[in-house]
Structure formats: structure tokens, C-alpha cells
Number of protein chains: 2
Amino acid sequence: MADEPPHERADAARNRDAILAAASRLVDEVGVEGLSMDCVAHAAGVGKGTLFRRFESREGLMAAVLNRSETEWQSAVLAGPPPLGPGAAAYDRLLAMGHSRLRLNVTHGALIKAATGSSGARSRAAAAFAIMHVRYLLGELGVDGDLPLLAIAILAPLDITMIEQQQADDVTLERIEAAWDDLVRRVVAG
Amino acid sequence: MADEPPHERADAARNRDAILAAASRLVDEVGVEGLSMDCVAHAAGVGKGTLFRRFESREGLMAAVLNRSETEWQSAVLAGPPPLGPGAAAYDRLLAMGHSRLRLNVTHGALIKAATGSSGARSRAAAAFAIMHVRYLLGELGVDGDLPLLAIAILAPLDITMIEQQQADDVTLERIEAAWDDLVRRVVAG
DNA sequence: GGTTTAAACGGACCGCGGTCCGTTTGCATT
DNA sequence: AATGCAAACGGACCGCGGTCCGTTTAAACC
């Protein structure tokens, strides 16, 4: 445990909360695109340097803002009511997970893209969770093969960039969902 | 036909070529990341306004630079030697296409990401070609279902962002390729 | 309470992508 | 050759993300 030696200073903690609150509010007010770091700094009553000290980059700040809903989703998957959470058959859980993830990617699309900049290291952890979960469900279903990569392949079409590509062609969410269900069926059937 | 009414002025054409040549050279020299629009403009001997007039944005310029190798690949798929080109069995062509696309995405990763900015409209056309081709091959193989969306699902794991995600976990290209082959087998098997 | 020190702070500063607008220039018409 | 004009040009300009460094301050120790 080691009880994390480096104490976090009180003002630092206060500022971090202020920044996150301001950022969340501004995202709701002016949208992800129309949000500048100067603006967040001013709204939080801190200097720009402080902002970058805590969150490293715009991408990092967006990831932090996104983090709350992301962990919410994770706990819904891990411990929420079925069929998303435990208690339902693995196949149903897998389908529920995909549908839920699809909706989440659509509603938080702008935020997710902003949090997945060039490096992308930021949101890798979030993706890893979904991959691990799918991998686990595939195992439960008795699927054999390279499960981690198969999990990635199943999740890839749900990515926001893929969804936007399809929406540009006026494909409805229902159709995307149905096609994804079909994909899962084929993969699981082996 | 209409013989395109708006004549392209001679200086405009000359400048466009100069810009593209300079941009291609600089991409090779300093890489995609280390390339600034001012730098390209100066190297091409034109003003920055001219550069943005022709290519609209950095993303657009990158797409134009990428375009040459992209069309090369497309003609290899449409009319090159088998198994990538016509003449081989549809299933072999599908596998060859995936492998080829995977390698291309890896080697041109930085350029592709730079050409696929926030709007993404730039490189939508390139993606559409691959989708159409996979859709056609799936049809030849007698696969039934929502072929356009199934084609997207097959191509999605080959996307550069997915590949980089896997490479961050030290997954080799050979393993990615094998897992993708397995995915294709499952999808085609129905 | 006073002293010390490492951490946090903040805003001036930089280079970049992108825009704007006054100026120049290719080309058609006479 | 002279004229007219739409199109192309180019560089000053703007806001943004990100960095740097001199200044301030929380908190541990005496």
C-alpha cells in the first residue's frame, strides 16, 4: 500500500476540483469544440499553467471529464442489473454490452474523440476494460481462438469513428445494432 | 461532360504541383508531425493563403499527398495481379486484401491519421472504396445479411487506431493477421 | 511563531493552423 | 497593344494549445 508518500496539497486538490467542475459545465454549455483551455482556466479561477500541470493536455482534461460517465458504465457492466450486469446468460450480456456501448459512444462521441488525440494513450485504459470484458464473455461462451484480438474485432465497429462514417450514409442506429448482432452471432458460432 | 467551364489558370496549376511536390518531399524529410503549413508554403515558394485556397486545410493537404499511393492501391485491387487483383478465388482475394490493407495502414499510419481529422470527410472516399470491394467479395462468396455493414465490421479492426492500440500491447503483425483471418472465416461461414 | 523547502501557481510567451483583405496577374475581348 | 475583370495571390493577423520560469504558498520541522 505504502499510503502514497507524496501528500497532495490542499490548494492543489481544491483547484483540481474547480477545474473539473468548470470544464464539465463548459462542455455542457458550449460543447466540446467550442471549449478553449484559456476559457476553462478563467472559469475555474486558476492560471493556465495550473491547468496543464494537472491534466497535461487538452486531451487529458477531456479524458478526466469523460472519466466519470465511463466508470459509471464500467460499474454498470460489472455490478449493475442484468442483462448488462451479471445474472443473465453470457450471450445476452454480450449483446446488451454492445448496444449500451454503441449508445454511449454516440452520445459522448465528441468528448471521446477529444479525449482520443494523437497519442491516444489517455483513453487506452477505457478501451482495455471493454476488451477484457468481451474477452471474458467469449470465454464463457466457449469460443476458442485468439480471444483478446477477437474481442477487439467485435468492438471495433462500435467505435465512434466507424459509427460516424455510417451515419454519414444515413444508416440508422437500429440497423447498425442489427448488423452488429449478426456479426456477434457469426463470431460466436465459430 | 460539359467540359468543365471554369478554366484552371496556368499559375494556379503550377502552384498546385509545386505545393504537392514540396509537401511530399517534406513528409519524407521531417515526417508528418514535424511539417508545418508555413514551412510547406515557403518550400513551395507560395504564400500561405494560396496553400489554404487549394487544399482548404492541413487535413486536405495530407489527403492529397496520401492520394497517390491510395489510388495505386485501388488499381492494384481492381486490376493488379492475383490474389489481390481479379483472377483468384473470392475468399483468397478477401484475405489478400486484408493483409495488404493492414500493411498499408501501418506504413502510412501517420499520414492517414493526419488526413482523417475531426471532420473525416476527407478520407471517407478512400474508406468507401474498400467497403465497396469487401461488400462485392462477400456477395461473391454467397454471404447473406447486411453486406455493407458487415464489410465495415470486417474492415474496422484493420483501422490504424485499432492497430496502434494492439501494437501498444506488443502484439505482432503476424498475430493480428492471423486473428483477422479467423474473423473473416467466421463471418463468411455464417 | 519563525524558518525552510519543495511544490504549486499564473501569466507572458511561442509556434501553429486558419482567415481576411488589399494587391497582383492571367486571360479574354476589342 | 490596350482594357477590364474575375481569379489567384500573399502575408499580416487571430485564437488556440502548450511551455517556461519567476513568484507565491502550504505544510513539515524547530
Side-chain angles (χ1 to χ4, degrees), chain A residues 3-20 22-23 26-27 30-65 110-111 113-122, chain B residues 3-20 22-23 26-27 30-65 110-111 113-122:
Chain A
D3 215 54
E4 87 276 17
H7 254 55
E8 182 183 34
R9 259 167 58 169
D11 54 346
R14 191 168 4 101
N15 279 337
R16 203 211 2 241
D17 291 348
I19 291 170
L20 269 179
L26 283 175
V27 164
V30 302
V32 176
E33 315 300 336
L35 179 155
S36 77
M37 296 299 267
D38 290 89
C39 180
V40 172
H42 185 265
V46 303
K48 221 205 299 202
T50 301
L51 207 160
F52 278 92
R53 161 180 297 272
R54 308 304 289 183
F55 298 99
E56 195 169 337
S57 65
R58 183 191 154 96
E59 183 186 330
L61 178 59
M62 296 306 178
V65 171
L111 207 46
K113 285 204 297 182
T116 315
S118 40
S119 87
R122 253 340 120 179
Chain B
D3 215 56
E4 89 275 20
H7 255 55
E8 183 183 36
R9 258 166 57 166
D11 54 346
R14 190 167 6 100
N15 279 338
R16 201 205 12 234
D17 290 349
I19 291 170
L20 269 179
L26 284 175
V27 165
V30 301
V32 175
E33 315 299 337
L35 180 155
S36 76
M37 296 298 267
D38 290 88
C39 179
V40 173
H42 185 264
V46 303
K48 221 204 306 200
T50 302
L51 207 161
F52 279 92
R53 161 181 296 274
R54 308 305 287 183
F55 297 99
E56 194 168 338
S57 66
R58 183 191 153 94
E59 183 186 330
L61 177 59
M62 296 306 177
V65 170
L111 206 47
K113 283 204 296 181
T116 315
S118 41
S119 88
R122 260 328 129 177

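Residue numbering restarts at 1 for every chain, and letters A, B, ... go by the order of the sequence lines.
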Task: Closest heavy-atom pair and its distance - B:Ile19, B:Leu61 - done: CG2-CD1, 4.0 Å

Task: salt bridge (charged side-chain N to carboxylate O under 4.0 Å, His left out) involving A:Arg58 - partner list, sequence neighbours excluded - done: none

Open item on the list: Please report the distance, rounded to the nearest Å, between CD in B:Glu33 and C1' in C:dG17.
Closed with: 14 Å

Open item on the list: Rounding to an integer number of Å, can you tell me how far A:Leu61 CG sits from D:dG18 P?
Closed with: 10 Å

Open item on the list: Let me confirm one number: the OG1-CD distance from B:Thr116 to B:Glu59, rounded to the nearest 0.5 Å.
Closed with: 7.0 Å

- [ ] Give the C-alpha distance, both sets of side-chain angles, the deciding distance and a yes or no for side chain to side chain contact (heavy atoms under 4.5 Å, CB included) between B:Met62 and B:Phe55.
- [x] CA-CA 9 Å; B:Met62 296 306 177; B:Phe55 297 99; over 6 Å; no

- [ ] Mind checking side-chain contact (heavy atoms from CB on, under 4.5 Å) for B:Asp17 and listing every partner two or more places apart, or none if nothing turns up?
- [x] none

Open item on the list: Here's a test of your reading of the structure: between A:Ser36 and A:Gly49, which maps to the more 5' nucleotide of DNA chain D?
Closed with: A:Ser36

- [ ] Determine, for nucleotides 24-30 of chain C in 5'-to-3' order, which nucleotides have protein heavy atoms under 4.0 Å from the base (write B), from only the sugar-phosphate (write S), or from neither (write -).
- [x] -BSS---

Task: Heavy-atom closest pair, residues B:Ala23 and B:Leu35 - done: O-CD1, 4.0 Å

Task: For atom CG of B:Leu35 and atom P of C:dG18, their distance in whole Å - done: 12 Å

TODO: List in chain and number order the residues that pass side-chain hydrogen bond (donor to acceptor under 3.5 Å, both in side chains) with A:Arg14, two or more places apart in sequence or in another chain; answer none if no residue qualifies.
DONE: none

- [ ] For D:dA8, take OP1 and OP2 only and decide whether either is under 4.0 Å from a side-chain N or O of B:Asn15.
- [x] no

- [ ] Figure out the NZ/P separation between A:Lys48 and D:dG15, and round it to whole Å.
- [x] 13 Å

Open item on the list: With side chain to side chain contact (heavy atoms under 4.5 Å, CB included) as the criterion, how do B:Arg54 and B:Leu20 come out once you've worked through the C-alpha distance, each side chain's angles and the decisive distance to 0.1 Å?
Closed with: CA-CA 10 Å; B:Arg54 308 305 287 183; B:Leu20 269 179; over 6 Å; no

Open item on the list: From the set D:dG17, D:dG10, C:dG10, return the single nucleotide nearest to any side-chain atom of B:Val46.
Closed with: D:dG10

Task: DNA chain D-proximal residues of residues 50-59 of chain A, any heavy atom under 4.0 Å - done: A:Phe52, A:Ser57, A:Arg58

Kindly list each side-chain donor-acceptor pair under 3.5 angstrom involving residues 36-50 of chain A, sequence neighbours excluded, with atom names and distances?
residue : atom : partner : partner atom : Å
A:Ser36 : OG   : A:Cys39 : N            : 3.1
A:Asp38 : OD1  : A:Lys48 : NZ           : 3.3
A:Asp38 : OD2  : A:Lys48 : NZ           : 3.4

- [ ] Rounded off to whole Å, could you give me the CE-to-C1' distance for the B:Met37 and D:dG10 pair?
- [x] 14 Å

Open item on the list: I want to confirm an ordering. Mapping B:Ala13 and B:Asp38 to their closest nucleotides on DNA chain D, which one lands closer to the 5' end?
Closed with: B:Ala13

